[in-house]
There are 2 protein chains.
Amino acid sequence: MSDMEYSIGEVAKIAGVSVRTLHHYDEKGLVVPQRSATGYRHYDSAAIDMLQQVLFFRELGFPLADIGEILAQPDFDRIGVLRRQREYLVGKSARLSQLIDTIDRAIEETQGERTMSADEKLKGFDQGPHAAEAKERWGDTEAYAHSQKRLSGYSKEDVEAAKQEAEDIAARFGELMRSGASSDSPQAVQLAEAHRLHIDRWWYPCSKQMHANLGDLYVQDQRFTDYWDKHEPGLARFVSEAITANAA
Amino acid sequence: MSDMEYSIGEVAKIAGVSVRTLHHYDEKGLVVPQRSATGYRHYDSAAIDMLQQVLFFRELGFPLADIGEILAQPDFDRIGVLRRQREYLVGKSARLSQLIDTIDRAIEETQGERTMSADEKLKGFDQGPHAAEAKERWGDTEAYAHSQKRLSGYSKEDVEAAKQEAEDIAARFGELMRSGASSDSPQAVQLAEAHRLHIDRWWYPCSKQMHANLGDLYVQDQRFTDYWDKHEPGLARFVSEAITANAA
DNA sequence: GCTTGACCCTCACGTTACGTGAGGCCGTAC
DNA sequence: GTACGGCCTCACGTAACGTGAGGGTCAAGC
């Protein structure tokens, strides 16, 4: 088992990325190499492995922030992630094959051998697996429901009422937490149920199981955590635990 | 032959890009649709074709400015460009296959079934065909020779002398052009030869044929044209013609 | 004709992911 | 000690949009 160390210039050259890129990834906390006494970066095999993961996800179009979250998961499972990346790369390869078909058809069209619709010409340039994963990940949330224009059938009053109700619930969760009540107290559980009903009513059908999944997401995904914690620091965890208690 | 027109939202949806992106491409002059009396954008089949070309090149990693240049060539050859894009897409597809192989090997490594070097882990993330084309395109130029550190064996004085000589030649070309001499006059031809010898001496072996190719590039590629024209507007063409005369 | 809602426009600030250059330190060979 | 390639941090700038504001347009329904 070789445990060589590489300078930043060596890594940059091998990987075909710039030194600046590696600096950036260090700053962002994505790939943080060891440092010499003089401040030089030294990349050992762990750092190389991490860089590989980052570059795979980058290749697949994931924003660096998302890459960071995925790789920072407490239950980080390297082999599971590699499998996932493989799946996406295979999908991307298939999409490329489609694009090649599209070009072949475009060449035939240019030669007068066929006609193409706008659809045929422009299909295949959709976003990559990051968008697909976002859909999967957000599929059970109000954020995605928003983007699906679930609210298009509501009046402005309805929209306002729905938003107000969401804010009320969040505020009451905040109060409850500040009052020192535990996250599995009857009041917390009641509030969690109110939250579930709110989602069920305004956004989409929401079973207790789905609600529990959602609660997990609130503490696993920074964007959700931020949403709750802006009301009160630590609220995301509190709400998540209340939801779990409600679902039990 | 259907000649439908699409609104910007329709095109965005079909192509999987944002309206903002299409605005941006309009601003940049890449895909400029017709406009209604009220200012709405209408995309006809010509605009759709242009967008397709842009999206193919974007897919391949070309910067928009370069895409604009390629598609703005006076001798724009749609079918030639499509063939070129196909070639690059096939190459990209092959590179993806390599990455999939790399993941498979990484999975085996994780399971203790094999060992990988840093090289193996990080290979394949090189830049796409844009970088390859840049290499091709710039391969015969001093700009690329620079990046190849051709000068690494020279002293600072040598580097300065080389630069000074280049500036002298450019200045003399400028004077000659301002004096009204024709680009195929003996003086111009002499200067072109001096330029070729300069390249031959300082940068890389430069035959008259290669020099002629370079001269073509000076008027075909905006970056070269800019280099010469900053000395004197129109100088790139003058130099190119002098080089052609010298190579005859 | 009026209302409504989806879609369009321009404007402009902001974000993401680096690119680039300045100024200076470090490591190695001569 | 000198020279040169490589390293560091700092910081401004770029490319390619994302996002929101404020308001006009279009088409369907009443």
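Quick note: numbers below take in every heavy atom, side chains included, and nothing from hydrogens, waters or symmetry partners. Only a predicted model underlies this, so the values are computations on that prediction, with no experimental measurement involved.
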Is it true that atom CD of E10(A) has more than 12 heavy atoms of other residues, nucleotides or ligands lying nearer than 6.0 Å?
yes
Separation of atom CG in L22(A) from atom P in dG19(C), rounded to whole Å
10 Å
Say whether, by atom type as modelled, one donor and one acceptor occur between the side chain of T102(B) and the main chain of Q98(B) under 3.5 angstrom.
yes
Just the rounded figure in Å: distance from P of dC18(C) to CZ of F62(A).
15 Å
Protein-nucleotide distance (E27(B), atom CD; dT10(C), atom C1'), rounded to Å
9 Å
Tell me, with the steps shown, if R58(A) and Y25(A) meet side chain to side chain donor-acceptor pair (under 3.5 Å).
CA-CA 12 Å; R58(A) 186 183 77 159; Y25(A) 293 167; 3.3 Å; yes
Sub-3.5 Å donor-acceptor pair from the side chain of D229(A) to the main-chain atoms of L235(A), do we have one?
yes
Length of the line joining D66(B):CG and dA15(D):P, which is rounded to integer Å:
11 Å
Phosphate-side-chain proximity, Y25(A) and dC18(C), N/O vs OP1/OP2 below 4.0 Å
yes
From CD of E5(B) across to P of dC7(C) the rounded distance in Å is 19 Å
So, does T21(A) get its side chain near the phosphate of dG19(C), meaning an N or O under 4.0 Å from OP1 or OP2?
yes
Using modelled atom types and a 3.5 Å cut-off, is there a donor and acceptor pairing between side-chain atoms of Q85(A) and backbone atoms of I103(B)?
no
Residue pair R105(A) / K121(A), side-chain heavy-atom distance below 4.5 Å:
no
Earlier contact from the 5' end, DNA chain C, for H24(A) and S36(A)
H24(A)
Using a cutoff of under 3.5 Å, can you pull out all pairs of nitrogen or oxygen atoms linking the protein to nucleotides 7-14 of chain D, with atom names and distances?
| unit_1 | atom_1 | unit_2 | atom_2 | d |
| --- | --- | --- | --- | --- |
| dC7(D) | OP1 | S7(A) | OG | 3.1 |
| dC7(D) | OP1 | G9(A) | N | 2.6 |
| dC7(D) | O4' | Y40(A) | OH | 3.4 |
| dC8(D) | OP1 | R41(A) | N | 3.0 |
| dC8(D) | OP1 | R41(A) | NH1 | 3.1 |
| dC8(D) | OP2 | H23(A) | NE2 | 3.2 |
| dT9(D) | OP1 | R35(A) | NH1 | 3.0 |
| dT9(D) | OP1 | R35(A) | NH2 | 3.1 |
| dT9(D) | OP2 | R41(A) | NH1 | 2.9 |
| dT9(D) | OP2 | R41(A) | NH2 | 3.2 |

Tell me the interatomic distance from F57(A), atom CZ, to dA17(C), atom C1', rounded to whole angstroms.
18 Å
